[in-house]
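One structure is given here, and the rest of the page talks about it.
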Amino acid sequence: MDKFLLFTPGPVNVAETLRLAISKEDICHREPDFDALLGSIEHKLISLFQIRNRARYRAVVITGSGTAANEAILSSVVGKGAILILSNGEFGGRLHKISLIHNKKTHLINMPWGTPFDLTQIATYLATHKIDVVAMAHHETCSGMLNPLAEIGALAKANGALFVVDGVSSVGAEGIDMEACNIAFVSSSSSKAIGSYPGLSFVVGRKKHFKRLKRHAAKTTYLNLATFYAFLKDHSQTPNTPAVPLFFALEQALIDILREGVTKRFARIKARADLLRDGMRRLNLDFLIEEADMCSILTTVRMPPSMSVRDLRDRLREKSIIIYEGKGCFAGKVFQVGNIGELSDYDIRFFLAALKDVLLTLQADAADLVAPVRPMGANLLMPPSSDRMQVKVVV
C-alpha cells in the first residue's frame, strides 16, 4: 500500500477535504478573516454537541493537544476549592497528575484500570467531603471503557459540585448531552474522533461558568481559560498566535461531520467497531472488557498466549497497518485497534485478513519453539502435540 492505515485512537487518517483545507491561502490571525473562521468553528462545535439552548454555551479553541485543554480546565476552574478526580485508567491518572500541580485540595477515587466506577462509593464520598468540582475521563483509552456521564453528573449536581469531563477521545463518536448530564465544561481534541490533524483542542462550556472564572487567580499564563474566554467574547480572537492552517482543517472536519449528520456519523463509527469486533471474535480473540462497557472508537484485545505484542505490531506494520500496544499494567498483555478516521469497510476487511495471516504465522512460530528436542541419533523431528498449540485461530 502507498500509505499506512492507522487503526489507532488518534492521530488518524484524514480525509482529502482536510488535506486541501490545510493548504488554504495564508491569512493573518489578527484580521477579520480569522475572526470569521473562529466564529464558524465555534458555531459548528455547538452543533456537534447538539446543544439545544445554544445561546448558553461558548467554545474556545486552543493551539495544543487535548492535554492542553484538560490543563486549561483543571488550572482555571477550581480556584481555592476542592476537586475530586475519578480515575480508572491512564487518563484519569493524568487528570490527577495535572490537578496536583495546580490545586492543593485535590482528592482522588482510584479504581483499577478497566474497572467500572462504583457509584455508591462516589455518592458516599461526595456526601462526606466538601467537593467543588468533579472531573472524569469519559472514554478511558487505556482500556476502551466508556464511563457514565448522566449518573456522575447527577451526583455532582446533587452535591453542589461542577462536573467537568475529559472528552478528548470520545467527542465526535459518542453522544455527550451537556445539558442533561449537568456538564459545566468538556474538553476535546482535533485529531481523534473528529478526524482532523493533531495540534488543536477546545473547551465547550456554559457561559455562566466561563464568566465566573475571572474570580480565580490565574495559575498559568498560556492556558488560562478565563483569558481565552475574554479574547473570544471581546475580540473573536485567541490570546496567543494560533496554528491557523490547523483551524482551517478543523473547520473542514466539522463541515464534513455536520454534512453527514451527527447521529448518522455516530452510527457509522459504531458499525465499523461492530464489524471489527465480529471479525476478531471469529479469530477466537478475547476482549479486555465487556462490549457493553466499550466506546465506539476502540477495541482492546487480549494477546493470545505464546505471542508477543511487539511481534504482532511489527508484522502488521509490514502490511502497512498500525495498531497500539497496551500501556501500564496492560503492557505486553493486550493490543488495541481503533476504527476512526478515514477507514473504509474495505480497509477493515483488509485488516482482518492481515491479522488472521499474522496470527497464523505467529502461531506456527510459537509451535516451532515448543517442539520437543530431537534425541541424539534420532532421524525425525516429531511435530508438536496438539495440546501445545496454545493459540486457536479460526481459518
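As the structure is a prediction and not an experimental result, all values here were calculated from the model. Counting from 1, the numbers follow the sequence of the chain as shown.
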From CA spacing to verdict: side-chain contact (heavy atoms from CB on, under 4.5 Å), Leu355, Leu285: CA-CA 11 Å; Leu355 179 63; Leu285 294 169; 3.9 Å; yes
Could you check whether Asp132 pairs with Lys130 (Lys NZ or Arg NE/NH1/NH2 to Asp/Glu carboxylate O, under 4.0 Å)? yes
May I have the step-by-step check of side-chain contact (heavy atoms from CB on, under 4.5 Å) for Leu200 and Ile62, ending in yes or no? CA-CA 6 Å; Leu200 294 183; Ile62 300 169; over 6 Å; no
Considering only heavy atoms from C-beta outward, does the side chain of Trp113 approach that of Glu140 to under 4.5 Å? no
Can you tell whether the side chains of Arg315 and Asp365 come within less than 4.0 Å, N to carboxylate O? yes
Give, for atom OG1 of Thr67 and atom CG of Leu74, the distance between the pair rounded to the nearest 0.5 Å. 10.5 Å
Do Phe34 and Phe247 have ring centroids that are under 6.0 Å from one another? yes
Between Asn339 and Arg272, which heavy-atom pair has the shortest distance, and what is it? O-NH1, 2.9 Å
Within-4.5 Å side-chain heavy-atom neighbours: His129 and Leu84: no
Would Leu146 and His138 count as a side-chain contact (heavy atoms from CB on, under 4.5 Å) if you check the C-alpha gap in whole Å, the side-chain angles of each, and the deciding distance to 0.1 Å? CA-CA 6 Å; Leu146 197 67; His138 184 206; 3.5 Å; yes
Which atom of Ala184 lies closest to which atom of Leu162, heavy atoms considered: CB-CD2, 4.0 Å
Is Met145 linked to Ile152 within one hydrophobic cluster, defined over Ile, Leu, Val, Met, Phe, Trp and Tyr using a side-chain heavy-atom separation of less than 4.5 Å? no
Salt bridge (Lys or Arg N to Asp or Glu O under 4.0 Å) between Glu291 and Arg281: does it pass, once the steps are laid out? CA-CA 12 Å; Glu291 286 191 60; Arg281 279 195 301 270; 2.5 Å; yes
Asp357/Lys319 ion pair, N-O < 4.0 Å: yes
Does one hydrophobic cluster hold both Leu343 and Ile194, with members joined at side-chain heavy-atom distances below 4.5 Å? no
Can you give me the closest heavy-atom contact between Ser188 and Gly167, atom names plus distance? OG-O, 3.0 Å
So, Ser47 versus Arg54: side-chain donor-acceptor pair below 3.5 Å or not? yes
Taking the side chain as every heavy atom from C-beta outward, state whether Ile183 and Val164 have any atom pair closer than 4.5 Å. no
Taking NZ in Lys157 as the centre, count heavy atoms belonging to other residues, nucleotides or ligands within less than 6.0 Å. Is the count above 12? no
In one Ile/Leu/Val/Met/Phe/Trp/Tyr side-chain cluster, 4.5 Å: Leu18, Phe202: yes
Would you check if the side chain of Ser87 reaches a backbone N or O of Gly93 as a donor-acceptor pair within less than 3.5 Å? yes
Do any N or O atoms from the side chain of Asp347 and from the backbone of Ser344 form a donor-acceptor pair under 3.5 angstrom? yes
Atom CZ in Arg277, atom CG in Leu352: separation rounded to 0.5 Å? 12.5 Å
Taking Ser190 for the side chain and Tyr197 for the main chain, is one N or O donor matched with an acceptor at less than 3.5 Å? yes
What's the shortest heavy-atom distance between Phe185 and His209, and which atoms? CZ-CB, 3.5 Å
Gap separating the CD1 atom of Ile297 from the CE atom of Met294, nearest 0.5 angstrom: 12.5 Å
To the nearest 0.5 Å, tell me how far Phe248 CZ sits from Ile41 CD1. 9.0 Å
Heavy-atom donor-acceptor pair, Asp177 side chain to Ala180 backbone, under 3.5 Å: yes
Step by step, work out the ring pair (Phe, Tyr, Trp, His ring centres under 6.0 Å) result for Phe335 and Tyr324. CA-CA 6 Å; Phe335 64 93; Tyr324 262 26; over 10 Å; no
Determine whether Val334 and Val301 make a side-chain contact, defined as any pair of heavy atoms from C-beta on separated by less than 4.5 Å. no
Is Val186 close to Met178 at the side-chain level, that is, under 4.5 Å between some pair of heavy atoms? yes
Determine whether Asp35 and Gln237 satisfy the following criterion, side-chain contact (heavy atoms from CB on, under 4.5 Å), listing intermediate values before the conclusion. CA-CA 6 Å; Asp35 301 354; Gln237 287 279 325; 2.3 Å; yes
When you measure from the side chain of Thr8 to the backbone N and O of Ile323, does any donor-acceptor pair fall under 3.5 Å? no
When you measure from the side chain of His107 to the backbone N and O of Ala82, does any donor-acceptor pair fall under 3.5 Å? no
In terms of side-chain heavy atoms, does Thr141 have a donor or acceptor partner in Ser169 at a distance below 3.5 Å? yes
Is there side-chain contact between Leu246 and Thr63, with at least one heavy-atom pair below 4.5 Å? no
For the pair Asn88 (side chain) and Gly114 (backbone), establish whether a donor and an acceptor sit closer than 3.5 Å, ignoring hydrogens and angles. no
Rounded to the nearest 0.5 angstrom, the CZ-CD1 distance for Phe4 and Ile321 is 10.5 Å
Where do Asn240 and Phe228 come nearest, in terms of heavy atoms and distance? OD1-CZ, 4.1 Å
Side-chain donor-acceptor pair under 3.5 Å between Lys219 and Asn224, yes or no? no
Counting only N and O atoms by type, is there a donor-acceptor contact under 3.5 Å from the side chain of His43 to the main-chain atoms of Gly39? no
Report yes if some heavy atom in the side chain of Thr299 is under 4.5 Å from a heavy atom in the side chain of Phe287; otherwise report no. yes
Under 4.0 Å between a side-chain nitrogen and a carboxylate oxygen: does that hold for Arg206 and Glu179? no
Between Ser296 and the options Lys270, Glu174, His139, the side chain to side chain donor-acceptor pair (under 3.5 Å) test singles out Glu174
Do other residues, nucleotides or ligands put more than 12 heavy atoms under 6.0 Å from Asp26 CG? no
Is there a side-chain contact between Ile46 and Val204 in this structure, where contact means two heavy atoms from C-beta onward sitting under 4.5 Å apart? yes
Cluster overlap Tyr222 with Leu38, hydrophobic side-chain contacts below 4.5 Å: yes
For atom CZ of Arg317, is the number of surrounding heavy atoms from other residues, nucleotides or ligands below 6.0 Å larger than 12? no
Are any side-chain N or O atoms of Asp118 and backbone N or O atoms of Thr120, one a donor and one an acceptor, separated by less than 3.5 Å? yes
salt_bridge(Asp256, Lys44) N-O dist < 4.0 Å: no
In short, Leu149 meets Cys181 closest at the heavy-atom pair CB-SG, 3.9 Å
What's the separation between atom CD in Gln121 and atom CG in Leu126, rounded to the nearest 0.5 Å? 10.5 Å
Connected via hydrophobic side-chain network under 4.5 Å: Leu108 and Ile73: yes
Treating Asp293 as the side-chain partner and Ile289 as the backbone partner, does any N or O pair qualify as donor plus acceptor under 3.5 Å? no
